[in-house]
Amino acid sequence: MSTATDAPERQHEPPRKKKFVFPSALTVLAVVTVAVWLLAFLIPSGQYDRGEDGAPVEGTYHRVGSGQSFVDHLDDLFLSPVNGLYGIQDPKTSLVAPDNSGDLYGSAGVFLFVLAIGAFITVVFATGALDRGIGRLAHRLRERGALLIAGVMVVFSVLGTVEGFAEETLGFYGLIVPLMLALGYDRMTAVGAIILGAGVGVLCSTVNPFATGVASSAADISLGDGIALRFVMWIVLTAVTVGYVIRYAKRVQKNPDRSLSGFLPGDRDQDKASADAAEVPELTGLHKAVLVVTALVFAFMIFSVVPWASALTGKADATPYGFELGWSFPQLAALFLCAAVLVGLVARMGEQKLSATIIQGAADFVSPALVILLARGVTVIMNNSKITDTVLHAIEGVVKGTSSGIFAIIVFAVNLPLAFLIPSTSGHATLAMPILAPLADFAGVSRAVVVTAWQAASGWMNLWVPTTAVTIGGVALAKVGYDRYLRFVWPLLALLFLLICGFVALGAAFT
């Protein structure tokens, strides 16, 4: 209970400085929406002539009037989230509005797909199969340090490349850190294995729906386009990253004084006996069945979206094989909803628990889904104001005359600051792709290369920027200083930067 004498003392206390917190992706996109709406009054409107496939024809840009009044502009701002979800584009005027007749311009298909895969992933985690499977792998390899690091990182990388496994890694520090310390490594080794293992998988996403999927949809190409380049890139960059962490771990094991993270009291006291004592529960038959079903679902997803004729012949216009499904987001959304139910039945969750888990999973993924429609709403404002082609024309002047390889590297570099400002991969993709993808047509480069360059930029930044929960949360859980993590990771970042530039340049040259 306070007294009268306490008041004067409190009045003389220095005011506490509020710690800056980077705004959420939703807030950033709300600011971007208003900023783009204001810029639409200043940027002159114009358009390109379009080919039969709807792509802009190089050299045909010309000024046109937007034909919009101030009230029309205000209406676009007000309806931007709605148009971003289910806006319809009129084929005659190209204007987007929710009550038009024409083609769907909004991101309703991707929006539902994100909710569906959120439901599926949540159901899988609710069974405990994935957590226990990774735990069993780590425990079995506890006697072989280098193999343990490689095994954990490869599993995380596989999950990252197929489904964007990142935030989920935060639950594994309690298991991995003690194991690494018991094997004579340090806490930085655990941080590297977890953050970089999953991070390099996301960087080289092959069919990750939250990166490759959203970007491919915004670029108007198939999810499977460019998968061969991304797969080779994933193998090489994962191998390099695993080798980097193992090299550091062996150096620390040989000479603990070379540890970048140092050791906390008690770290050097842990031994293999204590690691053995922390026995991880065995996988039950139900857990194994869930893991098999999950693997088959993702394998079928890959099969259903890959344009096999083009991938195997190398010809973009190859006639599809009879077994090709050519699925897109509506079919994939249905697939993951059915798969969520199937996993629940296999795990014997019961009707009420399964229903509640599916609803909870969809609810947990509403945030990235909302980011997608907000970002799409920005492109609607640009489209209706007829400034999209003006911006495209300005960028065309910058990249005009560059080789295809240099063009791909420029796309990668341009997206680095955008990835920092918009940490949400889904929002970044939906916002940037409508501008960047047509540039590929001008440069004679496949749009899939632009998608690969974009996601590599986003993934590379998310390996170290403090605005991501995976990085800043991971170092906090491992009790490692963020500055020390930067010292540990910067040589790898430089190497990955050079490798990415080489891959996107080669990809552009071969297309």
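Just so it is clear, the structure is predicted and the values come from calculations on it, not from any experiment.
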Expected output: side-chain [X] to main-chain [Y] donor-acceptor under 3.5 Å:
X    : Y    : result
S107 : V110 : no
T169 : A166 : yes
R132 : H287 : no

Side chains of [X] and [Y] in contact at under 4.5 Å (non-hydrogen atoms):
X    : Y    : value
N83  : P98  : yes
L286 : T127 : no
L332 : L335 : yes
S446 : V449 : yes
L237 : W460 : no
V155 : L159 : yes
M433 : V450 : yes

**Prompt:** Centre of F263's six-membered ring, under 6.0 Å away, within 45 degrees of the axis: is that where NZ or CZ of R187 sits?
**Reply:** no

**Request:** Would you please test T379 and N383 for side chain to side chain contact (heavy atoms under 4.5 Å, CB included) and show each step?
**Result:** CA-CA 6 Å; T379 66; N383 175 82; over 6 Å; no

Without placing hydrogens or testing angles, list every side-chain donor-acceptor pair under 3.5 Å for residues 191-213, not counting sequence neighbours.
| unit_1 | atom_1 | unit_2 | atom_2 | d |
| --- | --- | --- | --- | --- |
| S205 | OG | V202 | O | 2.5 |
| S205 | OG | N208 | ND2 | 3.2 |
| T206 | OG1 | T161 | O | 3.2 |
| T206 | OG1 | T161 | OG1 | 3.1 |
| N208 | OD1 | G164 | N | 3.3 |
| N208 | OD1 | F210 | N | 3.0 |
| T212 | OG1 | S205 | O | 3.4 |
| T212 | OG1 | Q455 | OE1 | 2.7 |

Closest approach of [X] and [Y], non-hydrogen atoms and distance?
X    : Y    : value
A333 : A116 : O-CB, 3.4 Å
G344 : V123 : N-CG1, 4.0 Å
P434 : A429 : CD-O, 4.2 Å

To the nearest 0.5 Å, how far apart are [atom1] in [X] and [atom2] in [Y]?
X    : Y    : atom1 : atom2 : result
S157 : W234 : OG    : CH2   : 5.5 Å
I358 : M349 : CD1   : CE    : 8.0 Å
S217 : L223 : OG    : CG    : 10.0 Å
L130 : T294 : CG    : OG1   : 7.0 Å
L112 : L337 : CG    : CG    : 8.5 Å
L85  : R376 : CG    : CZ    : 11.5 Å

Sequence-distant partners of [X], side-chain hydrogen bond (donor to acceptor under 3.5 Å, both in side chains), two or more places apart:
X    : result
S367 : none
Y244 : none
W327 : none

**Item:** Residue pairs fulfilling side-chain hydrogen bond (donor to acceptor under 3.5 Å, both in side chains) with at least one residue in residues 354-366, sequence neighbours excluded
**Value:** E351-S355, Q360-D364

**Non-neighbouring partners of F412 that pass ring pair (Phe, Tyr, Trp, His ring centres under 6.0 Å), sequence neighbours left out** = F497

**Request:** Sequence neighbours left out, what passes ring pair (Phe, Tyr, Trp, His ring centres under 6.0 Å) with F298? Give chain and number order.
**Result:** F120, F336

What residues form a side-chain contact (heavy atoms from CB on, under 4.5 Å) with [X], not counting sequence neighbours?
X    : result
A146 : I246, K250
L104 : Y86, I88, A108
I221 : S216, A219, D225, R447, A448, V451

**Asked** Are T189 and D186 close enough that a side-chain donor and a side-chain acceptor fall under 3.5 Å?
**Response** yes

**Message:** Would you say CZ of F231 has more than 12 non-hydrogen atoms from neighbouring residues, nucleotides or ligands within 6.0 angstrom?
**Reply:** no

With a 3.5 Å cut-off and sequence neighbours excluded, list the donor-acceptor pairs that the side chains of residues 469-489 form with protein atoms.
| unit_1 | atom_1 | unit_2 | atom_2 | d |
| --- | --- | --- | --- | --- |
| T471 | OG1 | N462 | O | 3.2 |
| T471 | OG1 | T468 | OG1 | 3.1 |
| Y482 | OH | W464 | O | 2.5 |
| R484 | NH1 | S261 | O | 3.1 |
| Y485 | OH | L463 | O | 2.7 |

**Prompt:** Can you pull the ring-ring contact (aromatic ring centres under 6.0 Å, His included) pairs that have at least one residue in residues 166-185, sequence neighbours excluded?
**Reply:** F156-F172

**Message:** Show, in sequence, the C-alpha distance, side-chain angles and deciding distance for T122 and F365, and conclude whether the side chain to side chain contact (heavy atoms under 4.5 Å, CB included) test is met.
**Reply:** CA-CA 10 Å; T122 303; F365 281 71; 4.2 Å; yes

**Prompt:** For V380 and L79, what are the C-alpha separation, side-chain angles and deciding distance, and is it a side chain to side chain contact (heavy atoms under 4.5 Å, CB included)?
**Reply:** CA-CA 9 Å; V380 171; L79 289 176; over 6 Å; no

**Test side chain to side chain contact (heavy atoms under 4.5 Å, CB included) applied to T452 and F503, step by step** = CA-CA 9 Å; T452 301; F503 269 107; over 6 Å; no

